[in-house]
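Have a look at the structure below before the remarks.
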Amino acid sequence: MSQVRTRFAPSPTGYLHVGGARTAIFNWLFARSHGGQFLLRIEDTDTERSGEDMVAAIIAGMRWLSLDWDEEIVHQSARLDIYQKHLDELLAAGKAYKCFCSKETLDRKRRSAADKKKDFRYRDERTCYHLSSAEIAGLEAQNAPCAIRLKVPESGETAFEDEVYGRIVVRHTQLDDLIIRRSDGFPTYHFAVVVDDHLMRITHVIRGEDHLSNTPKHVLLYNAFAWSVPTFAHVPLILGPDKRRLSKRHGATAVGQYETSGYMPEALRNFLSLLGWAPGEDREILTLDELVREFSLTGISKKSAVFDERKLEWMNCQYIMQLSLGQLYDLALPRLQEAGFLPDSPSDQERSYVMRILELLQPRLKRLNEVDERSAYFFSEPTQYDEKSVSKLWTKPGVLEQLTRLYSDLASMDEFTIDAIEGVVRRLAEELEVGAGKVIQPLRLALTGGSVSPGIFEVMTLMGQETVLSRIRRAMEYIEKNHLQAV
RNA sequence: GGCGCAUUCGUCUAGUGGUCUAGGACGCCGGCCUCUCACGCCGGUAACACGGGUUCGACUCCCGUAUGCGCUACCA
């Protein structure tokens with residue numbers, strides 16, 4: 001069997017979106033699991049809608065997901081002469097013909113057919129197909145714009161075997177003479193895709209299910225050239241929560257958005273792999289190697305899948321917890337620097353301080369972009385106290401005395417270690433005959449500005465005795481100033 | 001409208017005629033742990049779209065209905 005070659009062929013009319021990314025992942029996985037090649041092709045024949053910045057964004061997205069490709073990137077816009085050559089071939093063989101009908105004329109005919117509740121099919125009249133060579137020459141002499149259509153057989157059917165959906169058959173009466181070159185000289189998608197897939201020696205075309213209905217047209221084109229047809233595998237579409245095709249209306253659809261909102265590429269890749277495909281086992285957290293090992297076309301589902309961001313978030317959480325502290329530090333560093341918590345080149349001391357913070361935060365992070373707000377109080381005094389927590393925790397009678405005691409007890413400590421602090425706090429709670437939580441929560445509010453944080457004793461050792469004391473004092477001042485304690 | 005495709009818990013899915021009183025995961029609910037939150041652990045909730053066949057037997061096969069999606073462009 002010949003070498004497996006797959007490709008991902010996005011059109012740069014937008015950023016790399018998760019649906020495209022999923023298709024790319026499947027192609028990549030399939031190629032890698034067969035020791036084959038994975039190629040990248042930019043389908044930029046629609047010059048109006050394509051942009052260089054989009055190409056760059058797509059490439060960045062691919063890199064971020066570690067989807068490396070083999071060989072040079074193919075740009076369709078640079079292959080116009082190749083398409084023209086193949087067009088001429090079809091024209092010469094009488095398998096395609098020039099069509100001088102204007103878009104306006106066609107639209108009008110389509111509308112009037114629709115009014116009569118009928119389908120418009122160009123092939124029923126084939127106006128331009130019946131033009132004499134003299135007429136064609138005349139039109140061309142006037143430089144009349146013309147498109148090129150493929151001549152589709154009027155009877156019979158075209159079938160192909162899809163690896164996911166099985167045998168697909170379409171009667172030729174359902175098809176029209178499709179345009180394969182626009183009047184502006186650019187090939188249409190259907191034509192370019194077939195020519196390129198053949199020339200790039202693609203063996204397996206893995207793409208979205210929205211192309212399932214288009215594939216018979218492509219098969220017809222392969223046949224017209226007498227080329228062998230590749231294996232097709234169409235993958236189900238990705239839907240939004242409302243079961244409609246995933247689009248910008250649903251929020252984040254671009255891979256880059258997931259990067260900035262703190263998702264790890266490994267998590268997104270893992271999640272996307274499992275959308276419309278399942279390995280034969282129950283495990284869901286799979287490494288790249290495992291994915292490569294397990295991936296197969298037969299595991300692909302026929303049913304479109306809803307993109308569930310909650311599950312992605314959970315998966316991201318799993319990946320964050322697997323990180324070593326050093327890795328987590330590297331990922332958090334730019335975000336902490338941007339927040340102004342760390343200088344451009346942190347000292348060793350700063351680095352180890354942050355690592356200890358991250359150790360506490362690690363199981364609590366769903367997304368990497370939460371690190372700055374969750375760690376803010378380690379870098380600066382709380383600028384304000386959470387209002388609800390204040391009214392819940394600092395209005396209770398005795399809180400001021402509690403904090404006063406805490407202050408003096410903590411101030412007299414020599415060793416500000418986790419165990420020692422815990423001992424002091426618990427002893428105080430016992431003495432006051434209250435649960436430890438009753439002492440800890442008001443304290444937590446004083447130190448962090450809120451009622452949620454990692455274990456308070458860990459937080460305190462990290463902050464250091466001096467900071468802890470000054471924050472307690474500041475909290476007491478706040479309580480007094482605002483007359484929170486009932487008189 | 002025509003053609004194509006699909007239809008298992010809210011969501012992702014396992015399941016290829018009997019092992020299914022339908023399994024796992026996310027979510028949700030309850031509990032444990034506990035200084036809050038998170039992690040972790042334990043338990044619970046919840047599905048074969050509907051109707052006909054075929055068969056000794058159907059989630060699994062066939063037909064129809066419904067619903068959804070896709071294609072029906074000189075977009076890709």
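Just so we're on the same page: letters track the sequence lines, and every chain starts at 1.
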Sequence neighbours excluded, every pair satisfying salt bridge (charged side-chain N to carboxylate O under 4.0 Å, His left out) that has a member inside residues 298-318 of chain A:
A:Glu284-A:Lys311, A:Glu313-A:Arg367
B:A73, OP1 or OP2 - any side-chain N/O from A:Arg110 closer than 4.0 Å?
yes
Between A:Gly299 and A:Lys217, name the one whose nearest nucleotide on RNA chain B is closer to the 5' end.
A:Gly299
Atom pairs under 3.5 Å: protein N/O with N/O of nucleotides 1-8 of chain B:
unit_1	atom_1	unit_2	atom_2	d
B:G1	N2	A:Asp119	OD1	2.6
B:G1	N2	A:Asp119	OD2	2.6
B:G2	O2'	A:Gln174	OE1	3.1
B:C3	O4'	A:Gln174	OE1	3.2
B:U8	OP1	A:Lys303	NZ	3.1
B:U8	OP2	A:Lys303	NZ	2.8

When rounded to the nearest Å, what value does the distance between P atoms of B:C3 and B:C63 take?
16 Å
Sort and list the pairs that fulfil side-chain hydrogen bond (donor to acceptor under 3.5 Å, both in side chains) and have at least one residue in residues 106-121 of chain A, not counting sequence neighbours.
A:Lys109-A:Glu125
Hey, which of these two, A:Gln76 or A:Phe307, hits RNA chain B nearer its 5' end, going by closest nucleotide?
A:Phe307
Between B:G44 and B:C9 - C1' atom distance, rounded Å:
14 Å
Where do N or O atoms of nucleotides 41-50 of chain B meet protein N or O atoms at under 3.5 Å, pair by pair?
none

Quote, to the nearest angstrom, the P distance that separates B:A14 from B:G23.
15 Å
Could you run down the sub-3.5 Å N/O contacts of the protein with nucleotides 33-35 of chain B?
unit_1	atom_1	unit_2	atom_2	d
B:C35	OP1	A:Arg426	NH1	3.1
B:C35	OP1	A:Arg426	NH2	2.6
B:C35	O2	A:Arg444	NH1	3.2
B:C35	O2	A:Arg444	NH2	2.6
B:C35	N3	A:Ile456	N	3.2

Take atom P in B:C20 and the same atom in B:G40, then report the distance between them in whole Å.
29 Å
At under 4.0 Å between heavy atoms, what does A:Glu157 touch on the DNA or RNA strands: base, sugar-phosphate, or nothing?
nothing
Phosphate OP1/OP2 of B:A14 contacted by A:Arg283 side-chain N/O (<4.0 Å)
no
What is the distance, rounded to the nearest whole Å, between atom CG of A:Asp44 and atom P of B:C75?
15 Å
Looking for any heavy atom pair under 4.0 Å, which part of the strands does A:Ser11 touch: base, sugar-phosphate only, or nothing?
sugar-phosphate
When you measure from the side-chain N and O atoms of A:Thr45 to the phosphate of B:C75, is any distance below 4.0 Å, counting only OP1 and OP2?
no
Whole Å only: how far is the CZ atom of A:Arg245 from the P atom of B:C69?
11 Å
Those residues of residues 362-378 of chain A lying under 4.0 Å from RNA chain B by at least one heavy atom:
A:Pro363, A:Arg364
Could you check whether the side chain of A:Thr188 and the base of B:C74 have a donor-acceptor pair of N or O atoms closer than 3.5 Å, going by distance alone?
no
Can you tell me how the ring of A:Tyr478 sits relative to the ring of A:Tyr385, calling it parallel under 30°, perpendicular over 60° and tilted otherwise?
perpendicular
Taking only the C1' atom of each, what is the distance from B:G15 to B:G51 in whole angstrom?
24 Å
Just so I know, are the side chains of A:Pro236 and A:Tyr165 near enough to count as touching, which here means a heavy-atom distance under 4.5 Å?
yes
